[in-house]
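Given the structure is predicted, the values throughout are model-derived calculations rather than measurements. The figures here come from the full heavy-atom set of this structure, side chains too, leaving out hydrogens, waters and symmetry mates.
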Amino acid sequence: MQKLIEISAETLNRMSNKNQIIIWGAGGTLDDIINSFPEYEFEKKISCIVDSDSRKWNTSREYRGTCIKIYRPEILMDAPGNLKLIIASIHYPAILKQLDAMGLQMECYRFPKLKYDFQMEIKQKMKSESICTDLIVFKSSSDYSDNARVLFDYMIKQNLNKKYRLIWAVTDVNNYLWMKDIENVDVYCASLIMINAGNSIVSETEKYFKYLYTAKIFFVSHSLEWLRDRRAGQIVFNLWHGNGYKKSKIGKNHKDSFEYTCVTGPLYKIYQSRFFCCDEKKAIVTGHPKTDLFFTCDIKTIRAKLALNGYKKLLVWMPTFRRSTVSTLNEETIICETGIPIVRTFSALSELNRELQKRNLLLVVKLHQYQNTDDYTHETYTNIRIWDNGYIMEKDIQPNELLACADALITDYSSTAIDYLSVDRTIGFAIDDMEEYTKGRQFLFNPIEDYMPGYILTDMDTLLQFILDIDEGADQSIEKRRRLLPQMMAYQDGNSCKRILEFLKLI
C-alpha cells in the first residue's frame, strides 16, 4: 500500500504554489480544511475534487464564490507528473487500497489538521514518548457533561485522582480553571485551531499532543474521530451518550476509533455493535455512568432549584431533536405552531394544560441540547413549562437528575427512555411523526413499537389517557416494560461507573 504523508496547512500552501493539487473527498473534511484556514485561500488552489460517491460526480462545491468540480477517481489515470493528491477523508485506508487497485503510484498526503510545520514536529516528538499508565483523558460534546462527567465525578469522589492523573479536554479552558485546584487534575483546550489564536501557541500545542499521545485511557461520550490516530497500547473507552432506537448517521465513522463501548443490556450488545459497525466483543454490558444519577442525586435539592414542588405528580417530556442546530443531524419532521409532537397547535397545548391543571399535575418539556429552539412556543402556561437544555445546565443540573424527580416520562426515539428504565417507571412514546421520521432516519429495531417499553402515543386521545393513568396510579404498560427491561437495562443499582472501572482494572 502506498505511504500516506501527513502535512500541515502551511506546507500544503507552499506545495499548492508549485504543484497541481487534487483533493480526494467531497465531504465535511474538505469543508474543515478550507474553512479552518481561510487565509490560504485553498479553494482557489485546488484543481478539482475526486470522490468515490457516484452521486457527486459532475457536480461541484462552492466556497466563498469559487466552484470546484467533482469527478470520478478514474481521472487520476491521466494526472500530470506534478500532481499532489490530498486525501480529505477519514476513510483514507480504503482510499489508499482503491489507488492500489487502480494501479496508481503517486505522492499522497493526508488532509492538514495542523496549521504550522512546528506543530507537526511537536506532534511527532510526543508520539515517540512513553505512554503514561496513570494518565486518563475525558471529553464530551458540551464541556464537562454526559457520561464522561459522571464517571469523572465518581472517580474524584472515590479519591482515584490520588492514584491517576485525570485530564479534561474542553472547548473553553477559562470556564474550567477550577479543575486545576483539584489534586492531579488538569484541563486543556481540545482544539488546535483555537490554540492558534493564543499567545502561548507552542506550550499549548505541546500540552495538547502530550495528552493525546501519552495518555493510557480516553473516556469519550461523543465524537471519536480525533482518536483514530491513537498509538498501540492506548485505550479508548467509548462511553457514548445513550442506547436508543435510531440507526446512526455517523456511527460507522467511529468503528475503528475505540477499543470498548459500554451498553446498558444484552440487547444493546448486539444492536449497538451494529450501530457502530464493530465487533460485539467491543460492547461491554456495564450500564451507562449517567444512569447512576438516578440513585445518587439529591432529589430534594433539585426539586427546590427547579421549583417543582406543590404538584401531585411531575411528568417530564424529553423529545429528541427534529430540526437540529447541527445541520447534518436534521430530521425536519415537526414543523408546527408549538414545535411539540402530538400537541402541534396552541389550542391543543391549551387543552393539555387544562387537563394537567385540573389534576394538579406539572409537565416539564425539556428540549434536546441539539434542538433548534426557534421552532418551540414561548407561550407560558400554568402547568406546562418548556425549557431548553441551557436552563437546567446553568443550574448545574444534568438531564437524568431532572428525570430522577419525574413520576413518568414522555419521549419518542430517544435513548432517554432506556435511561429511565433504571427506575422502572411509566413511559409514554410520542411517535405521531414516525412515518415522516423514517424518511430521514432508520431504526435499529423492527417493528420499533415492539421494543418500546411503554404506552404508544399517537394523538391527543392516547396522550390524555396516558396522563389520566398517571394521575390515578395505573400503568397499562407494566407487563411489556418488565418483559423488555432485563434485555435493555441489565442493572438497576447505580453502579455503572464502578463496573466500567473494574472492567479496565482501574480499581
Q: Counting only N and O atoms by type, is there a donor-acceptor contact under 3.5 Å from the side chain of Lys210 to the main-chain atoms of Met126?
A: no
Q: Run Asp31 and Arg61 through salt bridge (charged side-chain N to carboxylate O under 4.0 Å, His left out) and show every step you take.
A: CA-CA 9 Å; Asp31 296 342; Arg61 294 188 78 102; 3.0 Å; yes
Q: Would you confirm whether Gln492, through its side chain, and Leu421, through its main-chain N or O, come within 3.5 Å as a donor-acceptor pair?
A: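 Here the side-chain-to-backbone pair exists.
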Q: Ring centres of Tyr144 and Phe138 under 6.0 Å apart?
A: no
Q: Are the side chain of Arg425 and the backbone of Ala406 linked by a donor-acceptor contact shorter than 3.5 Å?
A: yes
Q: Heavy atoms only: give me the nearest Ile23-Leu85 pair and the separation to one decimal.
A: C-CD1, 4.4 Å
Q: Just how far is it from atom OG of Ser52 to atom CD1 of Ile95, taken to the nearest 0.5 Å?
A: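 It comes to 5.5 Å.
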Q: Between Glu107 and Lys84, is a salt bridge (charged side-chain N to carboxylate O under 4.0 Å, His left out) present by the stated rule, with each step listed?
A: CA-CA 6 Å; Glu107 290 187 352; Lys84 302 297 182 183; 2.4 Å; yes
Q: For the side chain of Tyr164 and the backbone of Leu506, is there at least one donor-acceptor N/O pair under 3.5 Å apart?
A: yes
Q: Roughly how far, to the nearest 0.5 Å, is CG of Asp450 from NZ of Lys480?
A: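 Atom-to-atom, Lys480:NZ and Asp450:CG are 6.5 Å apart.
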Q: In terms of relative ring orientation, are His222 and Trp240 parallel, tilted or perpendicular, with 30° and 60° separating the classes?
A: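 Plane angle between 30° and 60°, so tilted.
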Q: Are any non-hydrogen side-chain atoms of Leu30 and Ile68 less than 4.5 angstrom apart?
A: no
Q: Looking only at atom types and distance, does a side-chain atom of Gln119 sit under 3.5 Å from a main-chain N or O of Tyr116, one as donor and one as acceptor?
A: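 Such a contact is found between Gln119 side chain and Tyr116 backbone.
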Q: Under 4.5 Å between any side-chain heavy atoms of Ile299 and Arg303, yes or no?
A: yes
Q: If you define the side chain from C-beta out and look only at heavy atoms, does anything of Ile418 sit under 4.5 Å from Tyr268?
A: yes
Q: Assess whether ring pair (Phe, Tyr, Trp, His ring centres under 6.0 Å) is satisfied between Tyr451 and Tyr245, documenting all intermediate values.
A: CA-CA 9 Å; Tyr451 294 86; Tyr245 293 93; 8.1 Å; no
Q: For Lys125, does the NZ atom have more than 12 heavy-atom neighbours from other residues, nucleotides or ligands under 6.0 Å away?
A: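 Not more than 12 within 6.0 Å, no.
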Q: Check whether any side-chain heavy atom of Leu212 sits under 4.5 Å from a side-chain heavy atom of Val137, and report yes or no.
A: no
Q: In this structure, is the centre-to-centre distance between the rings of Tyr92 and Trp24 below 6.0 Å?
A: no
Q: Can you see which heavy atom on Ser8 is nearest to which on Asp117, and at what distance?
A: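 Minimum heavy-atom separation between Ser8 and Asp117: OG-OD1, 2.5 Å.
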Q: Would you say NZ of Lys180 has more than 12 non-hydrogen atoms from neighbouring residues, nucleotides or ligands within 6.0 angstrom?
A: yes
Q: Is it possible for you to check whether Arg274 lies under 6.0 Å from the centre of the six-membered ring of Tyr271, through NZ or CZ, and within 45° of that ring's axis?
A: yes
Q: Atom OG in Ser223, atom NE2 in His254: separation rounded to 0.5 Å?
A: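 These two atoms lie 5.0 Å from each other.
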Q: Is there a side-chain contact (heavy atoms from CB on, under 4.5 Å) between Val187 and Tyr176 once you walk through the steps?
A: CA-CA 7 Å; Val187 59; Tyr176 298 95; 4.0 Å; yes
Q: Looking only at non-hydrogen atoms, find the nearest pair between Leu293 and Glu401 and report the distance.
A: CD1-CG, 4.0 Å
Q: Rounded at 0.5 Å granularity, tell me how far OH in Tyr491 sits from OG1 in Thr291.
A: 11.5 Å
Q: Apply side-chain contact (heavy atoms from CB on, under 4.5 Å) to Leu4 and Leu96, showing your working.
A: CA-CA 8 Å; Leu4 187 63; Leu96 291 177; 4.0 Å; yes
Q: When you look at CZ of Arg55, are more than 12 heavy atoms from neighbouring residues, nucleotides or ligands closer to it than 6.0 Å?
A: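 At most 12 heavy atoms, drawn from other residues, nucleotides or ligands, come within 6.0 Å of this atom.
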Q: In this structure, which one of Ile410, Val365, Thr411 forms a side chain to side chain contact (heavy atoms under 4.5 Å, CB included) with Pro319?
A: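 Testing Pro319 for a side chain to side chain contact (heavy atoms under 4.5 Å, CB included) against Ile410, Val365, Thr411 leaves exactly one candidate, Val365.
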Q: How far apart are the closest heavy atoms of Asp412 and Phe429, and which atoms are they?
A: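 The answer is O-CD2, 3.2 Å.
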Q: Are the side chain of Ser16 and the backbone of Asn13 linked by a donor-acceptor contact shorter than 3.5 Å?
A: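 Checked: pair present.
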Q: Mind running salt bridge (charged side-chain N to carboxylate O under 4.0 Å, His left out) on Lys290 and Asp146 for me, showing each step along the way?
A: CA-CA 6 Å; Lys290 64 181 179 180; Asp146 214 272; 3.5 Å; yes
Q: Going by heavy atoms in the side chains, are Ser257 and Trp226 under 4.5 Å from each other?
A: no
Q: Taking side chain as C-beta onward, heavy atoms only, is Leu114 less than 4.5 Å from Lys123?
A: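 The answer is yes, as the side chains (C-beta and beyond) meet within the 4.5 Å cut-off.
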Q: Would you please say whether a donor-acceptor pair under 3.5 Å links the side chains of Thr320 and Lys246?
A: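 There is such a pair (donor and acceptor under 3.5 Å, judged by atom type) between the side chains of Thr320 and Lys246.
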Q: Are the side chain of Thr264 and the backbone of Gly287 linked by a donor-acceptor contact shorter than 3.5 Å?
A: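 Pair absent, no side-chain N/O of Thr264 close to backbone of Gly287.
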Q: Considering all heavy atoms of both residues, which atom of Asn184 and which atom of Asn161 are nearest to each other, and what is their separation?
A: ND2-O, 2.8 Å
Q: Could you please spell out the steps behind the salt bridge (charged side-chain N to carboxylate O under 4.0 Å, His left out) verdict for Arg149 and Asp153?
A: CA-CA 6 Å; Arg149 170 180 176 168; Asp153 289 347; 3.4 Å; yes
Q: Answer yes or no: is there a donor N or O on one side and an acceptor on the other, between the side chain of Asp292 and the main chain of Cys497, under 3.5 Å?
A: yes
Q: If a pair satisfies salt bridge (charged side-chain N to carboxylate O under 4.0 Å, His left out) and one of its residues is in residues 498-507, list it, with sequence neighbours excluded.
A: Asp493-Arg499
Q: Are any of the side-chain nitrogens in Arg481 or Asp424 under 4.0 Å away from the carboxylate oxygens of its partner?
A: yes
Q: Find the distance between OH (Tyr211) and OH (Tyr188) and round it off to the nearest 0.5 Å.
A: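 So the OH of Tyr211 and the OH of Tyr188 are separated by 8.5 Å.
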Q: Has Lys139 got its NZ or CZ under 6.0 Å from the middle of the six-membered ring of Phe218, at an angle within 45 degrees of the ring axis?
A: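 Negative - Lys139 is either too far from the ring of Phe218 or too far off its axis.
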Q: For the residue pair Tyr413 and Phe443, categorise the inter-ring angle as parallel (less than 30°), tilted (30 to 60°) or perpendicular (more than 60°).
A: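 Correct class here is tilted.
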Q: So, for Asp51 and Ala26, which heavy atoms are closest and what is the spacing to 0.1 Å?
A: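 Closest approach of Asp51 to Ala26: OD2-N, 2.7 Å.
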Q: Answer whether the closest heavy-atom distance between the side chains of Val263 and Ile284 falls below 4.5 Å.
A: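 Of all side-chain heavy-atom pairs linking Ile284 with Val263, none is under 4.5 Å.
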Q: What distance do Trp317 atom CH2 and Leu409 atom CG have between them, rounded to the nearest 0.5 Å?
A: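 Output value for this atom pair is 10.5 Å.
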Q: So, does Asn400 use its side chain to make a donor-acceptor pair with the main chain of Leu403 at under 3.5 Å?
A: no
Q: Taking 4.0 angstrom as the limit, do Glu43 and Arg64 come out as a salt bridge?
A: yes
Q: Tell me if the centroids of the rings in Phe258 and Phe237 come within less than 6.0 Å of each other.
A: no
Q: Would you please say whether a donor-acceptor pair under 3.5 Å links the side chains of Asn389 and Lys366?
A: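 Their side chains do contain a donor-acceptor pair, which is all the 3.5 Å distance test asks for.
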Q: Parallel under 30°, tilted from 30 to 60°, perpendicular over 60°: which one fits the rings of Phe209 and Tyr213?
A: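 Plane angle under 30°, so parallel.
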Q: Quick one: does any side-chain atom of Gln234 pair with a main-chain N or O of Arg231 as donor and acceptor, under 3.5 Å?
A: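 Yes; at least one donor-acceptor contact below 3.5 Å.
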Q: If you measure from the Lys or Arg side-chain nitrogens to the Asp or Glu carboxylate oxygens, is any gap between Lys305 and Asp396 under 4.0 Å?
A: no
Q: Does Leu402 reach the side chain of Met318, with side-chain heavy atoms less than 4.5 Å apart?
A: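 Result yes, sub-4.5 Å side-chain heavy-atom pair found.
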